[in-house]
Protein chains: 2
Amino acid sequence: MVTAEPVPGERLPLSRERVLRTAVAIADEHGIEAVTMRRVGDELGAEAMSLYHHVANKNDLLDGVVDLVAGEINEVVDALDATGPWQPVVRARILAARQVLLRHRWAPRLLATRASLSPQVVRYHDRLVGQLHDGGFSFDLAHHALHALGSRALGFSQELFDPGDGGSAGALPPELPSLVAMLTEVAHDDPGSTLGWCDDQTEFEFGLDLLLDGLERRRTGS
Amino acid sequence: MVTAEPVPGERLPLSRERVLRTAVAIADEHGIEAVTMRRVGDELGAEAMSLYHHVANKNDLLDGVVDLVAGEINEVVDALDATGPWQPVVRARILAARQVLLRHRWAPRLLATRASLSPQVVRYHDRLVGQLHDGGFSFDLAHHALHALGSRALGFSQELFDPGDGGSAGALPPELPSLVAMLTEVAHDDPGSTLGWCDDQTEFEFGLDLLLDGLERRRTGS
DNA sequence: TCACTCTGGCTTACAACGTAAGGAGACGTC
DNA sequence: GACGTCTCCTTACGTTGTAAGCCAGAGTGA
C-alpha cells in the first residue's frame, strides 16, 4: 500500500508539458525529423500510443512545440528594457528572439510550415505592435511593418543558401559570371574568416536595419 | 515489324523531364503533399519503382521540381527589359518572379526546405547580382543585398500568418490589446475588401520597396 | 546467328511512420 | 460493490519511400 512513495526509478506520469519538452529536446539533439511519436514515447519510457492522451495527434504536438519555443522567446523579450526610442527597442527585441531561435535551429523551418498560429507567436506580435504604436506608428503603418518584416520579426530570415557550401567559388561554373566575381571579391576582402564568406548575424542585422530605417522614414514621412 | 509506328494509345516512354513535369502538375492541382512516388507513377501509367530509373530518389525528384520552377522563373525574367536605372529593373524582376510562384503556391515552402541549391536558382541570383552591379552596387553591397532580400529576391515572403483566418478580429482574446486595436482600425479603414484585411501583393510591394529604397540609400552613401 | 550486356519497365517485399480500436489496471464517487 | 474515468498498453492497419530481383527488347561484337 506504499505505492505513493516516490521510488527513485519510478516513472513520472506523462503530461502534455513533458511530451512537448521531450520533443523539443529530441529536435535540439537530432533534428526535427527525428521527432516521431515512437521516439518521443521511447524517450519518456512510454509507448507511442500513450502520447495520444496528451496530444491530439502529431500536428497538435508540433503546434505545441512551436508554442513552447515561442513562449521561450516571449520570456526573454519580456524581460528586456523597453524604454526609449522605438527603433533600438524593437531592434533589441528581434535580436533577442533570434538568439533563442539559434538554440533551436530547426524551429524556423517548423514555424514556416505550421498552418495554425501559435498563441505565443500571436502574443509576441501583439507586444511588438504595441511597441511600434508607442513609438509613434499608426496602426496602419504597424500593420505594414509586420508584413514587411515577415519572419524577420521573429528573428530569422529565410536562408535560401545553406551556409557552409558557399565558401569555394571555384566550384561555380563559368556561366555565372556575376556570382563568381562577387564571391571572389568578397572572399578576398575577408580571407581568414572561419564563418565562411558571409557571417549570418552581420547579414541579418544589415537587412533588419535596412527595414527599420525604412520604417522610421515612413513614420516621419520624410 | 511495325512497332515503330506511333500507336495512339501507346504510352510514351518515361523520362526525367516527364516525371518532373508530372510532379509539378500534381502539386499544382492537389498540393505538394499529394506528390508521392506512387501517385506520380499512376499519373504516368507506370509503377512507382519505374521512376527510380530517372530520378535517384524522392529528394532528387523534389530538387528537380524546384529547379523546373526556377527555370520557369528565369524564362520569364530573362525576357524583361532590363535597361534603365537599377531599381525599377530589379523591382520588375522580383515581381515577375512572384507571379510565377503564384502559379505554384506550394513552391515557396518547398524551396525553403531544400538543402541543396538548384542550378536555376543560382542562375537567377547570378543575373540579379549582375543587374545590381550594373546599377552601381559594389559586389560587397550586392552581397549584403542578397541576404537582406532573402527569399524576397525570388518573389515570396515568409507568410507567418495563414491568409484567410485573420479577418475576424472578434476571435482574438482581450489579452492582446495592440493586435485587437490594430485589426479593428485596419478593418475599419478598408471595410469592403474581399481580400481580407490585408492584401498580400500590396504588402509584398511595401516591404520590397522598403528594402530597395534602403539599398539605394546605402549605395549612394546618403 | 548467337550470346552478351544495357536499358527501362514490373513485381514483390520490407521498415518506418501516424494512428484507429480496444483492453487492463488504478482511481474516485455513489 | 458497481461504475465511470483516466492513463497507459497491445495489436493491427494503411501509407510511405525504396531495396532487390525478374524480364523483355534493343543494340552490339564474335
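Computed from heavy atoms alone, side chains included, the values below leave out hydrogens, waters and symmetry copies. Residue numbering restarts at 1 for every chain, and letters A, B, ... go by the order of the sequence lines.
By the neighbour-count criterion of 12 heavy atoms within 6.0 Å, atom CZ of B:R127 is densely surrounded, having more than that number from other residues, nucleotides or ligands.
Within residues 49-67 of chain B, the residues having any heavy atom under 4.0 Å from DNA chain C are, by residue number, B:M49, B:S50, B:H53, B:H54.
Separating the CG atom of A:D42 from the C1' atom of D:dC9 is a distance of 14 Å, rounded to the nearest angstrom. For the pair B:M37 CE and C:dT11 C1', the computed distance is 16 Å after rounding to whole Å. Rounded to whole angstrom, the span from the CG atom of B:L44 across to the P atom of C:dG8 amounts to 15 Å. Summarising the geometry, the separation between CZ on A:R38 and P on C:dA15 is reported as 13 Å, rounded to the nearest angstrom. Summarising the geometry, the separation between CD1 on B:I32 and C1' on D:dT16 is reported as 15 Å, rounded to the nearest angstrom.
We find that A:R98 and A:D200 are not joined by a salt bridge, their nearest charged nitrogen and carboxylate oxygen being 4.0 Å or further apart. The residues A:R91 and A:D209 are annotated as salt-bridged, a charged nitrogen and a carboxylate oxygen being separated by less than 4.0 angstrom.
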Atom pairs and distances, donor-acceptor, side-chain atoms in residues 30-47 of chain B, under 3.5 Å, two or more places apart:
residue : atom : partner : partner atom : Å
B:H30   : ND1  : B:R39   : NH2          : 3.2
B:T36   : OG1  : B:R39   : N            : 3.0
B:R39   : NE   : B:E43   : OE1          : 3.2

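Position along DNA chain D of the nearest nucleotide to A:E47 versus B:V35 favours A:E47 as the more 5'-ward residue.
With sequence neighbours left out, A:L68 forms a side-chain contact (heavy atoms from CB on, under 4.5 Å) with A:L20, A:R21, A:V24.
Looking at the side chain of B:L14, the nearest of the listed nucleotides C:dT19, D:dT18, C:dG9 is C:dG9.
B:N74 and B:Q120 are linked by a side-chain donor-acceptor pair at a separation below 3.5 angstrom, with hydrogens and angles left out of the test.
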